Structures are given as structure tokens and as C-alpha cells.
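Written out below as C-alpha cells is the structure these notes cover.
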Amino acid sequence: MEDNLPVNVREYQELAKKALPKMHYDYINGGAEDEYTLRENIAAYGRILLRPRVLIDVSKIDMSTTLLGYNMPSPIIVAPTGAHKLANPEGEVATARAAAACNTIMVLSFGSSCKIEEVYRRRDVSATLVRRAESLGFKAIVLTVDTPVLGRREADIRNKMVAPRMANLEGLMSFDDDIDSKGGSKLERFAHETLDPSLSWKDVEWLKSITSLPILLKGIVTAEDARKAVEVGAAGVIVSNHGARQLDYAPPTISALEEVVKAVAGAVPVLVDGGVRRGTDVFKALALGATAVMVGRPVFYGLAARGEAGARHVIEMLNRELELAMALCGCRSVAEVTRRHVLTEGDRIRALL
């Protein structure tokens, strides 16, 4: 064991900032426009208080849960994020090994492996990637629905961020060589050639027509869209604002979670991502109705700082912190984490009325 390992995600973030070129760190860590939602994704968790119960035997803590019929040892999942090679030369391979070592589910991006980050302009490309995912034994498709166009990421524009090459698209799509050689925001130009602003609910129906895999929709933050997702047959919804990289001043995801949970009324599982930096954050999300919690940037920080070992350590830390939070709140299993274990801003306001 190395001496002086980081003891929390924030320390890993500091190491990642020192280790990475500014362009790459800004790409991983940055958000859209004023970055209000980026800050609020984290800050909103800090405004939720815990309500611990005491004198409960917590000598045995069971963090296991199920998702779409599959057993998981923990409700923590590695979120779909692309371009891991910006953090470490081994990229997604190192992250996948870290997740496997922790027996943790990793959702992969089609930019790297096999989750649909977007339905591309060319539906034949998307269909090919779906067939590839099926042939490799993937169990579900996650469709990101909040990127009809690319959000304005000003750090990337300032840095003239180069769009990372997507190995899974090689041989399927060709791109203008100038994308990586000149111009303002190369990432914006790349997105313009790949993203489809006409993306709509009918495309979810199209995707369902070409695969028997369950489809989860990622990017839902309102009750209206959550109900529509259930109506079109989504197998689950993921409360996400794309890591605050798309629409600034969208609600922080933990603040939108309960609205979405109430809207689906148990019809499908609800997951959440964005702003998770502590095991207590995971606990709060579970208390507000999340089935599982997806973690993105913290794993990137670990990967940038210490490669596979760092990514693994981040996952292990968050799991240990969750286990501790459950014990100190008197919850022996995930099922025992309930709404009564948290006090939100809304709760405090209602108590004053």
C-alpha cells in the first residue's frame, strides 16, 4: 500500500489537476457557460441534512441492491463518460479493470465502448453500435437524451479543445481532417457533424424497434419527461444534466430527483448522476428514491492521478463512506434507507409554514 494516499475525492481532484494538461483537465472538470449548475450539482447535496436513528444493531451492513433484475453489491455505478484516455493512456480499459476489481457496474460510452451516448445523425451507425453491444453481451442500452446540440463549454472554446477520437466510430463515420487541426472549438465542430438536433421521442421508439435490450433514458430532470419516458416504454430513467455540461441553470440533479421519482411512481427504476463526491451523497440520493447512483468525474480524478489503482481507490472509498453513513444512520440495508432519513431545503421551508 502506498503511503499518503488521498483520503477523499477532493484530494484526488487536486492531484488530477496537477497531473493533467490544462486543456484536458478543463474538459473533464468544466461545465456550460457560467457553470452555475456545475457548482450547484455539488452544493445542493450539502444543503440536505441527515436524520440518523440510533440504538440499532448495525454490526452487519448489506449494501446490495438490484437493477433490472440484476444483483449489485452496491448501488454505486461508474457513469458513462467518454474520452478516458485524456486522463490516462490506458483509458477505459483501466477504468473497466478498476470497476471489475470492485465488482461494480460500469456503463460504457459508444465513444469508447458500448453505451449509446447519443443517437447519431446517421441511424445506420447507431444501429451498428447497438448490434455490437448486443453481440458483446451488454445487458442494457442507456440513451442520452439531452444532447440534440452541444452545450456552450467556454473553457473548451478558450482552449480550442480537440475532439477526442472515438475508436468505435472508426470505419463507420468519416470526419473532416480539419476538426483536429484548426479553428475555434474543435469539439463544437465535431459535435455538429455527429449530433442530431431533430432527436425526439419517436427516436426512442425507433431504438426500441431494433433491440430487445432494455433502454434507460439519461438526461431527465422534470416530471413531465419522466412520465413520457414511462409511456414510451423506457426501462428506467436517469436524472442527469450531463454533468452540467449542456444547459446552464438547469436544476441540480439531486434537487430534481424526488420530482422524477414521484412522477414515475415506481413504474421503472430511477437513477441519478452529477455532483456525487461522498458516500453521504449516495445515501441522500437513495433516501430521495434513487435505485442507484452513477459516479463520473471522481473516477476520472482517480484515473488521472494514479491510473487504474486510483480509479479503484475512488470506488472503494465511496463504498466505504456509504457503508459508514448507513451504519451511523441506523440503516442495515439499502431498503432501510428511507425519506425520513433526510431533511431537504423544501422540508425546512414547509416546517415554517
Side-chain angles (χ1 to χ4, degrees), residues 1-12 42 44-79 95 97-107 236 239 253-254 257-258 261 266 269-273 275-296 298-299 301-302 306 308-344 347-348:
M1 176 66 70
E2 298 178 34
D3 294 331
N4 301 318
L5 286 177
V7 298
N8 56 50
V9 168
R10 282 192 295 274
E11 291 186 3
Y12 264 110
I42 297 173
Y45 274 102
R47 294 192 290 270
I48 300 172
L49 302 180
L50 299 177
R51 301 183 69 248
R53 302 297 304 275
V54 299
L55 296 178
I56 296 171
D57 180 0
V58 291
S59 56
K60 294 182 180 180
I61 301 294
D62 179 9
M63 297 195 299
S64 65
T65 188
T66 61
L67 177 64
L68 300 178
Y70 295 97
N71 295 324
M72 303 179 356
S74 162
I76 296 173
I77 295 174
V78 177
T95 308
R97 288 172 179 159
C102 299
N103 199 17
T104 298
I105 289 177
M106 177 180 175
V107 184
V239 179
T253 49
I254 191 62
L257 174 60
E258 196 166 23
V261 168
V270 177
L271 292 73
V272 65
D273 72 6
V276 175
R277 298 295 184 271
R278 287 284 188 180
T280 47
D281 296 338
V282 178
F283 184 95
K284 293 170 184 179
L286 296 174
L288 291 172
T291 300
V293 178
M294 306 176 89
V295 179
V299 177
Y301 299 148
R306 298 179 55 241
E308 176 186 334
R312 182 174 67 249
H313 189 213
V314 165
I315 298 168
E316 290 170 344
M317 279 196 308
L318 290 173
N319 275 305
R320 286 197 297 268
E321 289 178 7
L322 173 60
E323 184 177 28
L324 179 61
M326 289 174 62
L328 293 177
C329 285
C331 299
R332 295 161 293 193
S333 68
V334 170
E336 291 187 357
V337 181
T338 70
R339 182 62 175 80
R340 294 185 62 80
H341 285 100
V342 292
L343 185 71
T344 67
D347 296 334
R348 294 194 288 275

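Note that the numbering runs from 1 along the sequence shown for the chain. Because the structure is a prediction, the values reported are computed rather than measured.
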For this session: Any pair with a residue in residues 326-336 that passes salt bridge (charged side-chain N to carboxylate O under 4.0 Å, His left out), sequence neighbours left out, goes on the list, sorted by first then second residue, please.
Result: Arg332-Glu336

Problem set entry | salt bridge (charged side-chain N to carboxylate O under 4.0 Å, His left out) contacts touching residues 54-75 (sequence neighbours left out) | none

Atom pair [atom1] ([X]) and [atom2] ([Y]), whose distance is rounded to the nearest 0.5 Å:
X: Arg53; Y: Leu55; atom1: CZ; atom2: CG; value: 10.0 Å
X: Leu322; Y: Leu318; atom1: CG; atom2: CG; value: 9.0 Å
X: Ile76; Y: Ile315; atom1: CD1; atom2: CD1; value: 8.5 Å
X: Met317; Y: Cys102; atom1: CE; atom2: SG; value: 11.0 Å
X: Ile77; Y: Met72; atom1: CD1; atom2: CE; value: 4.0 Å
X: His341; Y: Met326; atom1: NE2; atom2: CE; value: 9.5 Å

What residues form a side-chain contact (heavy atoms from CB on, under 4.5 Å) with [X], not counting sequence neighbours?
X: Thr66; result: Asn71
X: Arg51; result: Arg340, Leu343
X: Ala98; result: Glu308, Ala311, Arg312

Can you see which heavy atom on [X] is nearest to which on [Y], and at what distance?
X: Cys331; Y: Ile61; value: O-CD1, 3.4 Å
X: Val299; Y: Val295; value: CG2-O, 4.0 Å
X: Pro52; Y: Leu50; value: CD-O, 3.4 Å
X: Gly330; Y: Ile56; value: O-CD1, 3.4 Å

For this session: Answer with yes or no whether the side chains of Tyr12 and Arg306 bring together a donor and an acceptor at under 3.5 Å.
Result: yes

For this session: Before giving the answer on side-chain contact (heavy atoms from CB on, under 4.5 Å), spell out for Val9 and Tyr301 the whole-Å C-alpha distance, their side-chain angles and the decisive distance to 0.1 Å.
Result: CA-CA 8 Å; Val9 168; Tyr301 299 148; 4.0 Å; yes

For this session: For Thr253 and Asp273, indicate whether the former's side chain and the latter's backbone hold a donor-acceptor pair under 3.5 Å.
Result: yes

Using residues 276-290 as the side-chain source, report each donor-acceptor pair under 3.5 Å to any protein atom, sequence neighbours left out, with the distance given to one decimal.
unit_1: Arg278; atom_1: NH1; unit_2: Glu321; atom_2: OE2; d: 3.1
unit_1: Asp281; atom_1: OD2; unit_2: Arg277; atom_2: N; d: 2.9
unit_1: Asp281; atom_1: OD2; unit_2: Arg278; atom_2: N; d: 3.0
unit_1: Lys284; atom_1: NZ; unit_2: Tyr45; atom_2: O; d: 2.7
unit_1: Lys284; atom_1: NZ; unit_2: Ile48; atom_2: O; d: 2.9

